[in-house]
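Worksheet: the structure to be examined is printed underneath.
Worth saying up front: this structure is predicted, and the values here are computed from it rather than measured. One-based numbering along the sequence shown.
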Amino acid sequence: MCEIIVNLGNRKEYIPYYSQWAAIQQAKKIGKCADVVEVMVVSAETGEILIHYENQKCVWVDGVGEL
């Protein structure tokens, strides 16, 4: 299970996902939105960050294959 954390500047949203692949695909779409400051996918089992976007740019990818 994974969780997408979306930082909109004035608030944070936490979106749970059962599929790691689906969470990463959704984070890629969310990360490209103009009003999103930061988005990351965190593994619920290990707590590691799988993908991280800041200001519409990918700054971290950890073993998830191609972008």
(request) Any pair with a residue in residues 41-54 that passes salt bridge (charged side-chain N to carboxylate O under 4.0 Å, His left out), sequence neighbours left out, goes on the list, sorted by first then second residue, please. (result)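 Passing the test, one end in residues 41-54: no pairs.
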Test side-chain contact (heavy atoms from CB on, under 4.5 Å), reference Tyr53, set Val61, Asn7, Val36, Val39, output is Val39
Could you tell me the separation between the [atom1] atom of [X] and the [atom2] atom of [Y], rounded to the nearest 0.5 Å?
| X | Y | atom1 | atom2 | value |
| --- | --- | --- | --- | --- |
| Lys29 | Ile4 | NZ | CD1 | 10.5 Å |
| Asp62 | Ser43 | CG | OG | 10.0 Å |
| Leu8 | Glu13 | CG | CD | 6.0 Å |
| Tyr18 | Met1 | OH | CE | 5.0 Å |

So, for [X] and [Y], which heavy atoms are closest and what is the spacing to 0.1 Å?
| X | Y | answer |
| --- | --- | --- |
| Gln26 | Tyr17 | CG-OH, 3.3 Å |
| Ala22 | Ser19 | N-OG, 3.2 Å |
| Val37 | Gly9 | CG2-N, 3.7 Å |
| Cys58 | Ile51 | SG-CG1, 4.2 Å |

*asked:* side-chain contact (heavy atoms from CB on, under 4.5 Å), that's the test. Do Trp60 and Ile49 meet it? Break it down for me.
replied: CA-CA 8 Å; Trp60 176 259; Ile49 297 173; 3.9 Å; yes
I'd like to know whether Gln25 forms a side-chain contact (heavy atoms from CB on, under 4.5 Å) with Trp21, so could you lay out the CA-CA distance, the side-chain angles of the two residues, the decisive distance to 0.1 Å, and finally the verdict.
CA-CA 6 Å; Gln25 297 305 313; Trp21 178 84; 3.5 Å; yes
Under 4.5 Å between side-chain heavy atoms, counting indirect links through other Ile/Leu/Val/Met/Phe/Trp/Tyr residues: same cluster for Ile30 and Val41 or not? yes
For side-chain contact (heavy atoms from CB on, under 4.5 Å), just list the numbers for Glu38 and Met40, CA-CA rounded to whole Å, side-chain angles, deciding distance to a tenth of an Å, and then say yes or no. CA-CA 7 Å; Glu38 177 182 38; Met40 66 180 82; 3.6 Å; yes
> Just by modelled atom types, is the Cys33 backbone N or O under 3.5 Å from a matching donor or acceptor in the Gln56 side chain?
Replying inline: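 The answer is yes, because a donor-acceptor pair under 3.5 Å joins these two groups.
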Before you tell me yes or no, could you show the steps for Val42 and Leu50 under side-chain contact (heavy atoms from CB on, under 4.5 Å), namely the whole-Å CA-CA distance, both residues' side-chain angles and the distance that decides it to 0.1 Å? CA-CA 6 Å; Val42 178; Leu50 302 174; over 6 Å; no
